[in-house]
Undergrad: 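Can you keep this structure in mind? I'll have questions shortly.
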Amino acid sequence: MGEVLVLAARGLCGGLFVMAFALIGELVMPKQFAGIFSAAPSIALAGMTITMAVNGAVPVAESALGMIAGAIALVAYCASAVPLVTRLGATVGTVAALAAWAATATVCRVLLTVVG
């Protein structure tokens with residue numbers, strides 16, 4: 001029964017965070033910044049909040065480091081995708097950008113393993 005309550009709490013907390021972030025997104029000017037307040041950050045915060053309440057700080061810290069590494073890899077993908085797609089075409093450029101993402105994510109993973 002405990003897992004059902006945790007799942008319900010995650011859903012409730014996630015919904016509340018999504019509503020709050022959507023409200024912030026509506027209030028932000030210019031509207032180009034509204035995407036920063038999309039569902040992904042709110043769901044991440046909701047998950048981390050419930051994880052902190054149930055399991056403590058260590059799993060939350062590990063999740064946060066993983067999210068940071070994922071964000072770095074996403075920036076590498078975005079920064080490489082436009083020039084690669086322009087130069088190589090849609091299919092080859094996208095595959096090359098995914099390779100840049102994978103390489104960056106791998107380096108982040110190795111660094112987190114070595115440092116952690």
Side-chain angles (χ1 to χ4, degrees):
M1 188 65 177
E3 290 182 30
V4 172
L5 288 175
V6 170
L7 185 60
R10 282 184 195 267
L12 179 64
C13 192
L16 291 173
F17 273 108
V18 167
M19 287 187 329
F21 273 67
L23 179 62
I24 292 169
E26 286 296 318
L27 297 175
V28 170
M29 290 294 176
K31 289 296 180 189
Q32 289 90 347
F33 293 119
I36 295 171
F37 300 104
S38 63
S42 57
I43 296 299
L45 286 174
M48 291 172 74
T49 301
I50 300 299
T51 302
M52 177 74 123
V54 173
N55 298 326
V58 174
V60 173
E62 291 172 356
S63 292
L65 286 174
M67 289 177 201
I68 292 168
I72 292 169
L74 180 62
V75 168
Y77 172 81
C78 292
S80 64
V82 172
L84 288 170
V85 168
T86 302
R87 181 172 295 175
L88 303 174
T91 304
V92 176
T94 301
V95 171
L98 285 172
W101 171 84
T104 306
T106 301
V107 167
C108 287
R109 172 71 177 170
V110 168
L111 288 174
L112 287 174
T113 303
V114 170
V115 172

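Residue numbers start at 1 and run along the sequence shown.
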Undergrad: Test of understanding: with side-chain hydrogen bond (donor to acceptor under 3.5 Å, both in side chains), list the residues that count as partners of Thr49, not counting sequence neighbours.
TA: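 Applying side-chain hydrogen bond (donor to acceptor under 3.5 Å, both in side chains) to Thr49 gives none.
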
Undergrad: Check Val60 against Met52 and note the closest heavy-atom contact, atom names and distance.
TA: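 That closest heavy-atom pairing would be CG2-N, 3.5 Å.
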
Undergrad: So, applying side chain to side chain contact (heavy atoms under 4.5 Å, CB included) with Ile50, which one of Asn55, Val6, Leu45 is it?
TA: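 Going through the options one by one, the only one that passes is Val6.
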
Undergrad: Without placing hydrogens or testing angles, list every side-chain donor-acceptor pair under 3.5 Å for residues 104-111, not counting sequence neighbours.
TA:
residue: Thr104; atom: OG1; partner: Ala100; partner atom: O; Å: 2.8
residue: Thr106; atom: OG1; partner: Ala102; partner atom: O; Å: 2.7

Undergrad: Applying side chain to side chain contact (heavy atoms under 4.5 Å, CB included), name anything that partners Met19, two or more places apart in sequence or on another chain.
TA: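 Checked Met19 against side chain to side chain contact (heavy atoms under 4.5 Å, CB included); matches are Leu16.
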
Undergrad: Say you draw a straight line from OG1 of Thr51 to CD of Glu62; how long is it, rounded to the nearest 0.5 Å?
TA: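 Separation between the atoms: 11.0 Å.
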
Undergrad: Would you give me the side-chain donor-acceptor pairs under 3.5 Å for residues 72-96, sequence neighbours excluded?
TA:
residue: Ser80; atom: OG; partner: Ala76; partner atom: O; Å: 2.9
residue: Ser80; atom: OG; partner: Tyr77; partner atom: O; Å: 3.2
residue: Thr86; atom: OG1; partner: Val82; partner atom: O; Å: 2.7
residue: Thr94; atom: OG1; partner: Ala90; partner atom: O; Å: 2.6

